[in-house]
Amino acid sequence: MKEFKRYMVTSALPYANGPVHIGHLAGVYIPSDIYVRYLRLKGKDVLWVCGSDEHGVPITLKAKKEGKHPQEIVDKYHEIIKKSFKDLGISFDIYHRTSAKIHHETAAGIFKTIHDKNGFIEKTTEQYYDPEARQFLADRYITGTCPHCGYEKAYGDQCEKCGTSLSATELINPKSTISGAKPELKPTKHWFLPLDTYEPFLKKWILEEHKEWKPNVYGQCKSWIDQGLQPRAVSRDLDWGVPVPVENAEGKVLYVWFDAPIGYISATKALTPDWEKYWKDKDTKLVHFIGKDNIVFHCIIFPSMLKAEGSYILPDNVPANEFLNLEGDKISTSRNWAVWLHEYLEEFPGKQDVLRYVLTANAPETKDNDFTWKDFQARNNNELVAILGNFVNRAIVLTGKYFDGLVPERINPDEADTAVLNEISEIRQKVEHSIENFRFREAMKEAMNLARLGNKYLAETEPWKLIKTDEDKVKTILNIALQISASLSIVLEPFLPFTAEKIRKILAIDKIVWDDLGNHDLLKAGHKIGKAELLFAKIEDKEIEYQVNKLLATKEQNKEESHEPVKDEISYDDFMKMDIRSGVILEAEKVPKTKKLLKLKVDTGVDQRTIVSGIAEYFKPEEIIGKQVSLLLNLAPRKIRGIQSQGMILMAEDKNGKLYFVAPQENIKPGALIK
RNA sequence: GGCGAGGUAGCUCAGCUGGUUAGAGCGCAUGAUUCAUAAUCAUGAGGUCGUGAGUUCAAGUCUCACUCUCGCUACCA
């Protein structure tokens with residue numbers, strides 16, 4: 001394996017429209033913190049950067065909804081996120097943000113360089129522009145009269161009445177749905193990164209040269225490359241983001257995925273004037289920690305951008321984790337189904353390492369995993385308290401009791417004693433190997449084995465018995481138990497930094513270096529150690545119940561609060577325009593090559609017609625034949641997957657997206673009017 | 001539907017290029033022990049390795065089909 005002179009580590013930028021939860025931590029931030037802390041202890045030259053991703057449409061929407069400026073939104077979450085990371089001991093060298101000036105300059109600079117090298121494809125199209133709102137309008141934000149059927153409220157992309165696909169420019173009397181103003185046709189230019197031209201490069205670089213990447217990452221990349229890459233737009237008509245730095249680009253910003261990864265570079269710039277050697281020197285090892293949803297951006301798009309720019313190095317590895325679930329359900333910010341970091345820190349003060357431990361032990365390294373509070377409690381009580389905390393406590397208490405807290409000397413250690421000391425080095429090697437291969441779960445387990453080793457050693461030697469007959473032997477035993485404790489304070493530092501620090505405080509030592517791990521004389525005979533202090537406290541059932549109840553309450557609330565806002569008022573006439581009737585499904589078959597579509601033949605009472613409906617995920621064709629349904633008959637026909645769909649089946653949808661038929665409770669002849 | 005990843009003891013996971021009775025931690029049972037936060041230590045019981053075929057002297061490990069979970073993608077008037 002290549003030896004690198006220095007390391008550049010990045011962690012995915014959290015999106016600043018909400019706080020950070022345990023899924024983020026287990027997937028990205030804790031693994032990278034372990035990795036970086038380890039490298040630092042080894043004395044490596046390493047920089048680790050992260051920051052808030054503050055651009056993009058969702059933030060502007062959230063701002064609009066709350067009547068605020070996007071900057072207010074990102075300011076709020078940036079502070080919450082930054083503080084909670086710090087409190088958990090996530091040791092970024094810098095936590096930056098993409099709304100910062102230096103980021104805008106950096107992103108613009110990179111765009112400009114690629115632009116000047118003709119690295120983009122430019123495409124100009126005529127698009128509607130709203131002079132009042134002063135922005136370009138997406139097709140959906142324009143209504144007008146359909147040139148085919150004369151329907152007055154056709155959308156810019158499609159007429160709902162006759163079903164024809166339209167382009168906004170075909171509409172007669174177009175109107176902006178934002179301001180109501182009459183939009184003007186203006187040429188708008190966009191820039192595309194021609195990913196297709198990077199295909200040969202990506203093929204060689206990933207598929208041939210990085211076979212060691214994790215299977216999920218490698219497989220995902222292969223899938224994308226094999227399917228053929230398309231040029232991707234790198235700009236948007238929006239007023240929140242990094243302005244496109246060329247002439248005649250007013251109202252255009254860089255697409256958020258273009259500017260976000262550049263945030264790594266700008267953060268490094270903000271950190272040190274020496275930033276270039278971390279990003280441009282071939283002897284730097286660049287590692288991106290991300291979640292699986294980010295694989296394509298970090299393995300395909302960002303490297304292509306850097307390649308296009310020309311002067312940057314490419315990542316050596318992109319360790320992506322899978323997702324963490326919570327109590328069996330997907331974590332969801334919008335449904336408030338999460339354990340929020342800032343809340344955890346308040347509710348479990350001083351227990352940062354417990355969360356770090358549980359999330360590492362349970363990290364979704366190879367497949368999605370589940371976090372449960374019961375498991376959280378069990379790991380704390382049975383592993384941290386019983387194995388680790390207990391061992392260190394035993395060693396300290398015994399030393400206090402027998403030798404007044406003075407480290408005793410080793411006198412004629414026998415074979416078993418030496419074997420135990422030597423085992424520390426073996427554990428060290430295993431931990432190193434695992435961390436360097438991004439297997440943190442395994443690494444931490446090995447580290448914990450050191451505490452297991454200590455417990456076993458004490459149980460076998462029984463110093464509390466020997467003290468009556470052979471004090472010299474007890475000295476040797478406790479010396480070794482203390483050396484193990486000291487080594488624990490090193491090996492645990494990457495995983496449980498607060499605990500490692502606590503152990504050092506009790507042992508009254510300060511300096512630690514990874515290479516001291518396994519040293520048999522970390523504590524000199526005669527050194528005075530401090531008083532025993534518990535490393536971990538048991539977590540009682542009550543605390544766990546509280547958390548579980550909190551989640552149950554969320555579940556209840558989600559059930560109740562699933563109301564969409566009430567739509568705009570309509571007139572009775574509007575309602576009566578709809579022709580809703582009961583009907584019966586006569587035939588049903590799956591539309592080939594789709595997941596959700598069923599082609600149905602229904603008896604409407606007046607005729608038999610074909611309807612295509614997106615319900616295949618919840619109903620099998622044979623199950624619904626003969627089923628009574630409610631039909632909207634006079635909906636404009638529309639072609640779906642090549643099949644003309646004449647009407648719509650009415651369905652109720654719950655918050656999880658599950659569908660339910662809406663139909664008369666008792667059997668009724670097809671064709672009965674519903675009003 | 002296409003593509004990718006995964007399906008190994010109650011739970012969380014190891015099992016490298018196929019090779020003796022499939023491993024670990026936690027939980028569970030029994031025993032030992034009391035220095036320690038009823039903590040620890042030892043021993044043990046738990047698996048037809050998603051299902052079904054095939055290749056091979058030999059398959060959890062290779063091939064094919066099927067099935068379930070997750071993700072990307074197409075697609076839900």
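Order of the sequence lines sets the chain letters (A, B, ...), proteins ahead of strands, with each chain counted from 1. The model shown is predicted, which means the values in this text are computed figures rather than measured ones.
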Heavy-atom protein contacts under 4.0 Å, nucleotides 3-10 of chain B, coded B base, S sugar-phosphate only, - none: SSSS-S--

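- At a threshold of 4.0 angstrom between heavy atoms, the contacts of A:Val296 with the nucleic acid are absent.
- In this structure, A:Phe440 and A:Phe289 have tilted ring planes: the angle between them lies in the 30° to 60° band.
- In this structure, CG of A:Asn362 is placed 17 Å from P of B:G25, rounded to the nearest angstrom.
- Using N1 to N3 plus N6-O4 or O6-N4 for Watson-Crick, or N1-O2 and O6-N3 for G-U wobble, each under 3.5 Å, B:G60 pairs with nothing.
- Checking B:U69 for Watson-Crick or G-U wobble geometry (two distances, each under 3.5 Å) identifies B:A5 as its partner.
- Regarding A:Gln377, its CD atom lies at a distance of 17 Å from the P atom of B:U12, rounded to whole Å.
- The pairing partner recorded for B:A36 is none, the criterion being a Watson-Crick or G-U wobble arrangement whose two distances lie under 3.5 angstrom.
- Contacts of A:Trp373 classified as ring pair (Phe, Tyr, Trp, His ring centres under 6.0 Å), with partners at least two apart in sequence or in another chain: A:Phe348, A:Phe371, A:Phe376.
- Taking atom P in both B:U63 and B:U21, the straight-line distance is 24 Å, to the nearest Å.
- At the phosphate of B:G71, OP1 or OP2 sits under 4.0 Å from a side-chain N or O atom of A:Lys330.
- Separating the CG atom of A:Leu324 from the P atom of B:U12 is a distance of 12 Å, rounded to the nearest angstrom.
- In this structure, the CG atom of A:Asp368 is 10 Å from the P atom of B:C72, given to the nearest Å.
- Residues A:Gln377 and A:Asp541 have side chains that bring a donor and an acceptor to within less than 3.5 angstrom of each other.
- Ranked by how close their nearest RNA chain B nucleotide is to the 5' end, A:Lys445 and A:Asp370 are led by A:Asp370.
- Donor-acceptor pairing under 3.5 Å is recorded for the side chains of A:Arg452 and A:Asn449.
- Counting to the nearest Å, the P atom of B:C72 and the CG atom of A:Asn294 are 11 Å from each other.
- The closest side-chain donor-acceptor pair between A:Gln483 and A:Asn479 falls under 3.5 angstrom.
- The same atom, P, is picked in B:C57 and in B:C11; the two are 38 Å apart, to the nearest Å.
- With both ends at atom C1', the span from B:C49 to B:G60 equals 5 Å, rounded to whole Å.
- OP1 and OP2 of B:A14 both lie 4.0 Å or more from every side-chain N or O belonging to A:Arg439.
- If you check the side chains of A:Lys214 and A:Asn317, you find no donor sitting under 3.5 Å from an acceptor.
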Annotated protein contacts, base or backbone, on nucleotides 33-43 of chain B with a non-hydrogen cut-off under 4.0 Å, one of B, S, - each: -SBBB-SSSS-

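- B:G25 and B:A9 are spaced 12 Å apart, taking the C1' atom of each and rounding to whole Å.
- B:C26: Watson-Crick or G-U partner is B:G10, with both key distances under 3.5 Å.
- Across the protein-nucleic acid pair, A:Ile300 atom CD1 and B:C72 atom P stand 16 Å apart, rounded to whole Å.
- A gap of 37 Å separates the C1' atoms of B:U20 and B:U33, to the nearest Å.
- Counted by atom type alone, A:Asp353 and A:Thr499 present one or more donor-acceptor pairs between their side chains at under 3.5 Å.
- Taking 4.5 Å as the limit, every side-chain heavy atom of A:Arg232 sits out of range of all side-chain heavy atoms of A:Tyr255.
- Rounding to whole angstrom units, CD of residue A:Gln230 and C1' of B:U73 are separated by 13 Å.
- Comparing B:U43 with B:A59, their C1' atoms sit 32 Å apart, to the nearest whole Å.
- Going from the C1' atom of B:A14 to that of B:G47 covers 15 Å, rounded to whole Å.
- A cation-pi arrangement is present between A:Lys292 and A:Phe323 under the rule of less than 6.0 angstrom and at most 45 degrees off the ring axis.
- Annotated as anti: B:G60, whose glycosidic dihedral deviates from 0 by more than 90°.
- A 3.5 Å limit on both hydrogen-bonding distances identifies no Watson-Crick or G-U partner for B:G47.
- Distance, A:Glu446 CD to B:G23 C1': 13 Å, rounded to whole Å.
- Side chains of A:Asn380 and A:Tyr357: no donor on one and acceptor on the other come within 3.5 Å.
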Verdict with reasoning, A:Glu365 to A:Glu442, per side-chain contact (heavy atoms from CB on, under 4.5 Å): CA-CA 10 Å; A:Glu365 287 182 5; A:Glu442 187 179 85; over 6 Å; no

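- Rounded to the nearest Å, the gap between the C1' atom of B:C76 and that of B:G4 is 23 Å.
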